[in-house]
Amino acid sequence: MRRHTEEKVAEPGAAARHTRVAIIGSGFGGLGAAIRLRRRGEEDFIIFERAADVGGTWRDNSYPGCACDVQSHLYSFSFAPNPDWTRSYSPQPEIWDYLRRCARDFGVLPHIRFRHEVRDAAWDEDAQLWRVETSEGLYTADVLVMASGALSEPRVPSLPGFENFRGKSFHSARWEHEYDLRGKRVAVIGTGASAVQFVPEIQPAVERLHIFQRTPPWVMPRTERAFTARERRLFRRFPLLQRGARAAIYAFRELFVFGFRHLRLSRLIRRVALRHLARSVPDPVLRARLTPAYDIGCKRILVSNDYLPALTRPNVELVTAGVAEVRGHSIVDGEGVERPVDAIIFGTGFRVTDQPLAGRVRGRGGATLEEVWRGSPRAHLGTTVSGFPNLFILLGPNTGLGHNSVVYMIEAQIEHFLSALDFMEQSGVAVIEPRPEAQAAFVGEVERRMEGTVWVAGRCASWYLDRTGRNSTIWPDFTWRFRRRVARLDPAEYLTGGAPGGTPRMNGKDATSKNAPS
Ligand code: NAP
């Protein structure tokens with residue numbers, strides 16, 4: 001394995017820096033991969049980060065009330081427990097701070113190229129490497145890791161007449177903190193996981209709050225509390241205690257899989273949510289409008305104690321008639337009622353199955369992921385893609401979760417990526433890519449596991465479904481099953497190739513021939 005970067009020529013006339021591994025993104029996925037690379041002694045890698053800081057979605061989502069709805073003891077790296085979480089569900093600034101500390105303490109920062117947006121990444125079949133064009137120049141890499149996350153590109157729907165709006169508007173993941181909401185008439189579009197967190201925060205400040213709800217979410221109570229200083233001292237002094245807490249949370253959350261897979265069992269969860277709704281919203285008319293007509297779990301289950309009560313406040317109105325037209329300073333709903341508004345906040349989610357980066361990553365033959373996927377992403381083990389050699393996608397197709405921590409999934413995928421590197425080094429192969437039949441078999445396996453689950457049989461439309469109607473986002477089973485399936489690489493599932501001229505490139509002995517300056 002090479003442990004140094006070199007100036008080489010990527011294409012005639014353009015100097016490119018070569019690196020063994022190029023990682024796109026510095027959120028949980030990118031940092032996790034980088035830390036694990038360093039821990040096994042690799043220094044020849046670069047992280048491309050388009051922003052000026054690390055953190056991914058936990059940097060970008062700074063809206064009021066932003067917090068994680070998975071407990072922090074679990075929603076953190078297994079190799080970097082943090083005894084100092086102040087609450088069971090940490091607020092965004094703490095999670096972001098945790099990621100920044102991980103980047104610093106594990107020595108990853110020198111590897112990050114900030115403000116480097118990846119514009120194109122193409123597999124060069126002759127040179128057997130990735131050519132990565134960033135906003136700051138060209139690079140080449142033996143291996144490419146896409147760690148750009150599923151929730152990185154805000155989705156803003158095109159509302160009729162929106163171009164005429166003269167007020168303020170922004171997406172929840174691009175919150176404009178300098179805009180003072182006090183005394184303003186505000187419309188919120190969307191009632192998903194983000195909106196239920198910021199609505200109760202802004203409600204006391206604004207003059208009027210119109211919540212445009214398309215589909216009511218299922219909301220569960222949030223059993224949250226602050227950790228005492230004594231508890232934190234104990235976690236610090238006895239790390240086993242924290243590991244025990246992590247394991248208990250993990251095991252409890254895995255139980256939800258029974259409900260998702262067997263709709264009858266989900267009735268229990270449904271009952272809890274209905275009781276929570278009844279307790280929070282005494283008005284039966286409003287309550288009826290807030291009662292979902294689909295099975296619980298079909299969309300992400302939300303956890304909040306203050307969202308539903310916020311909807312009962314006198315300055316809040318729930319609008320369920322949709323948006324018919326946006327005018328210069330108002331919104332007209334589907335029943336023709338016009339409401340003056342100063343600001344529109346989009347809590348409308350993210351481009352999950354149609355991420356722009358997929359249109360910029362080209363495999364063998366030049367086709368992009370977007371072109372190959374045709375609206376329905378597929379990958380072997382959610383991580384590697386046939387026709388895209390030496391590419392690893394963290395949180396790729398069917399690795400999202402409705403019940404547990406995605407950091408667990410990311411770590412399982414990183415294990416896979418590292419065992420691929422080990423395999424390549426040990427067997428002297430330069431190129432590895434999943435066999436099409438292995439990928440097809442895995443996709444078929446996921447589809448079989450998906451059958452009858454709430455995500456396909458739960459009578460709802462959700463962002464879990466892609467534009468072909470297939471669920472290409474969720475892992476439909478216990479997460480330990482995913483880990484067991486993915487963590488170790490089975491060479492029989494992969495096609496491998498050597499370097500041009502038959503010289504293995506990735507065993508650290510010969511790495512220069514194909515890339516030497518011309
Ligand atoms: P989301 O869950 O996708 O919710 C989007 C909301 O916008 C939905 O209510 C949706 O309605 C509505 N919407 C979308 N397009 C619309 C349109 N054209 N007109 C009217 N309404 C429209 O987005 P999010 O709340 O940003 O959350 C996204 C994901 O981020 C979550 O599912 C979760 O995985 C993650 N997240 C996690 C946390 C956490 O605590 N860990 C916090 C926030 C977010 P429909 O339901 O009818 O589609």
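Quick note: residue numbers are just sequence positions, from 1. Note: hydrogens, waters and symmetry copies are ignored here, and every other heavy atom, side chains too, is used. The structure presented is a predicted model; accordingly, all values stated were derived computationally and were not measured. In listed order, ligands and their atoms are each counted from 1.
- Side-chain N/O atoms of Ser76 and Asn82 include no donor and acceptor closer than 3.5 Å.
- Every ring-ring contact (aromatic ring centres under 6.0 Å, His included) that Phe258 has, sequence neighbours left out, goes to Phe478.
- Screening residues 319-341 for salt bridge (Lys or Arg N to Asp or Glu O under 4.0 Å), with sequence neighbours left out, gives Glu317-Arg339, Glu325-Arg327, Arg327-Glu338, Asp333-Arg339.
- Residues lining ligand 1 at a heavy-atom distance below 4.0 Å are given as Tyr63, Ala67, Cys68, Asp69, Leu151, Pro157, Ile189, Gly190, Thr191, Gly192, Ala193, Ser194, Gln197, Arg214, Thr215, Lys299, Arg300, Gly347, Thr348, Gly349, Phe350, Trp463, ordered by chain and residue number.
- Tyr250 and Thr479 share a donor-acceptor pair across their side chains, judged by distance under 3.5 Å alone.
- Every residue two or more places apart in sequence or in another chain that forms a ring-ring contact (aromatic ring centres under 6.0 Å, His included) with Phe392 is listed here: Phe417.
- Figure legend: cation-pi geometry between Arg39 and Phe106 absent, as NZ or CZ is not positioned both under 6.0 Å from the six-membered ring centre and within 45° of its axis.
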